[in-house]
Amino acid sequence: MSKIKYYLVNADILPEVYSRVIKAKGYLASGEAGSTSQAVKMAGISRSAYYKYKDAIFEYNGESEETATINAMLMDNAGVLSSLMNEVYKAGANVLSVNQSVPVNSVASVSLTVRVMDMSIQLEELVGNIKKINGVNSVSIGG
């Protein structure tokens, strides 16, 4: 079996069918289209073109610099995680993933990966706001 090669290419130089396949995949993923037939019609391509390329073309979102991981140690009290999430929401960050451990000695480790590009405040200010929440033992930014 041969190794698959990938290239990162400016979409402007590619045939339009590739961007339309990405659009159709987006319509399906978002629920705007209830079926492949509807998605390809909305994107303006044939079903055969969609099926030919759907497993070979993917959109690159190059947002690694625009995300941050927030690590926190939270007391096992009702509402602490909810308060933390509320601060993230108020700052305008978009939560991409949440991982929480089972509490040990009434403390749980929580890791949030958030998109920070649309935040209304600086990341350091968000960390300061989270530290003020009753039940947050510690918070840091890290990998």
side-chain contact (heavy atoms from CB on, under 4.5 Å) between I70 and V114, intermediate numbers included | CA-CA 8 Å; I70 300 170; V114 296; 4.1 Å; yes
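- Using modelled atom types, one side-chain atom of N10 and one backbone atom of D12 make a donor-acceptor pair closer than 3.5 Å.
- The line from CE of M42 to OG of S37 is 12.5 Å long, rounded to the nearest 0.5 Å.
- Taken together through direct or relayed side-chain contacts under 4.5 Å among Ile, Leu, Val, Met, Phe, Trp and Tyr, M75 and I130 form parts of separate hydrophobic clusters.
- Atom OH of Y27 is separated from atom CZ of R20 by 9.0 Å, given to the nearest 0.5 angstrom.
- The heavy-atom pair separating E32 from Q38 by the smallest distance is O-NE2, 4.0 Å.
- Rounded to the nearest 0.5 Å, atoms CE (M119) and CD (E66) are 12.5 Å apart.
- Note that OG of S35 and CZ of R47 are 8.0 Å apart. Values are rounded to the nearest 0.5 Å.
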Evaluate the side-chain contact (heavy atoms from CB on, under 4.5 Å) criterion for residues L84 and V139: first the C-alpha distance (whole Å), next the side-chain angles of each, then the deciding distance (0.1 Å), finally the verdict.
-> CA-CA 10 Å; L84 185 151; V139 62; 5.7 Å; no
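- With a 4.5 Å cut-off on side-chain heavy atoms, T69 and I141 do not count as touching.
- In terms of modelled atom types and a separation under 3.5 Å, the side chain of S120 and the main chain of A91 share a donor-acceptor contact.
- You'll find the side chain of L112 reaches within 4.5 Å of the side chain of M85, heavy atoms only.
- Looking at K54, its side chain never comes within 3.5 Å of a backbone N or O of K25 through a donor-acceptor pair.
- Distance CD1/I57 to CG/D55: 11.5 Å, rounded to 0.5 Å.
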